[in-house]
*Asks:* 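One structure coming up, written as structure tokens, with questions to follow.
Every chain is numbered from 1 and lettered A, B, ... according to where its sequence line falls, protein lines coming before strand lines. No experiment lies behind these values; they were computed from the predicted model shown.
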Amino acid sequence: MDIIIAVPSATLNGGLNDQMDARFGRCHSFTIVTLKNKEIIEVKVTPNPAYEELGGAGVLASQAVHNSGATEVIVGSLGPNAINSLNSLKIKAYHVSSNNLSVKEAIDLYLDGKLEILESANVVKHHGGM
Amino acid sequence: MLITITGGKGGTGKTLCAVNIASMFKNHGYNVLLIDGDVENPNTYLLLGGQLEKKVAVPFFKPKISEEKCTKCGLCAENCTTHALLHVNDSYPIPILSLCSGCKLCYKICPDKAIEEDYKVVGWTYKTIVNDITLMLGELKPSEARSAAIVESLLEDLDKIISENSNKYDVIILDTAPGAHCDVELLIKRADLVIPVTEPTKFGKMDLMRIMELIKLLGKDTKVIVNRSTLLGFKQEFLKELEERGIEILGDIPLDNDIVASYCQGIPIMDDKSTYNREGDGYIAFKQIFENLLKWMHNTNKKVK
């Protein structure tokens, strides 16, 4: 079965070689990776409509992730509104703790089973800051 | 006549001045209404020696989605400026209440009338009469953020009183929270005279300048009270600086043991039933402030009894 994962990306270009953005609501774009039998079969990029929002970024970003077809997301940090939104949309959030990973490296950690599901917010509101 | 007592900095003696000015008007036969608009720390009743009565809940709008009527069109979520409605294709919008500002836009624009008005309690108002002074007070529920909703509710009650009988009270005194934010602004907007209470410290001056800026924007008549004016001997320097900035002084209150005692006991020093020394520095200072107030009222054609 195909699994579609969204990874917050640091530039508008996104893609496997882009830096992963530790922030969820205010990343520039999401790289949308489709996996089949642990192989990457498709990579798409969708801009994050929330990255310049004053508030409610977690809600908007969650909508964008859902609309991309993804059912899972890899994150560095999630605020309370973001995790509520993702939970409401039944999107699983996997937590990566190391900084400065590429999107590809984050996917590899996921495939190796090294990421745990994030159950609750690990930063406060407006953490990604405007 | 409506007087708003404010000051910017916390702990300068706003409520102390509010209850004592209210008491002096009452002593002179004025009908006085005092409104405590510091809804995060409402404690005027303690300084007056009263108790909270007539508790009324303050409701705050929250959207309730009717799944029978909702067509999942998403118009509400698209137009919600605080993104408090989560909507994706083929699902009902989900309210994220911590983001909701209560503006009711979703309720008004839903083409299918699928958003119903629901309410949560964000705080309470109280009304009581202590020693012939009518006191209205608002209290924000701890953990709620919308303090302005409580202040607005107090002002709605005030408007109702005025519309029923505009002569019911001769003097209305509004006591604000510290700061220069929207709760404070709502109360300054109503004033004939704004009295910021400050103290001769760097903090006091800094916060006074911020509140003066707000008062100036609102175009209000202002007279400052300098409380604890004998603190460390800064008085003359501080008063001179305010004068140079063109800030009018209503009076200053020195450090005074009777004031501290009255504050602790919950009996306003200026109440005609209080037993404090009528020759004390604090007592005389408040008396002078009241005389200056009556002078201002006379000069601005306010009714003087």
*Asks:* In Å, rounded to the nearest 0.5 Å, how long is the span from CD1 of B/Ile96 to OG of A/Ser62?
*Replies:* 8.0 Å
*Asks:* Any chance CG of A/Asn17 has more than 12 other-residue heavy atoms, nucleotides or ligands included, within less than 6.0 Å?
*Replies:* no
*Asks:* Should we count OH of B/Tyr263 as having more than 12 external heavy atoms under 6.0 Å?
*Replies:* no
*Asks:* Does atom CD of B/Glu53 have more than 12 heavy-atom neighbours, drawn from other residues, nucleotides or ligands, at distances under 6.0 Å?
*Replies:* yes
*Asks:* Are more than 12 heavy atoms from other residues, nucleotides or ligands located less than 6.0 Å from atom CD of A/Glu116?
*Replies:* no
*Asks:* Quick check: closest heavy atoms across A/Glu53 and B/His83, and the distance to 0.1 Å?
*Replies:* OE1-NE2, 2.6 Å
*Asks:* Just so I understand: if I count every heavy-atom pair under 4.5 Å between each of B/Thr81, B/Leu86, B/Asn89 and chain A, which residue has the most?
*Replies:* B/Leu86
*Asks:* How long is the gap from CG on A/Leu89 to NE2 on B/His87, to the nearest 0.5 Å?
*Replies:* 10.5 Å
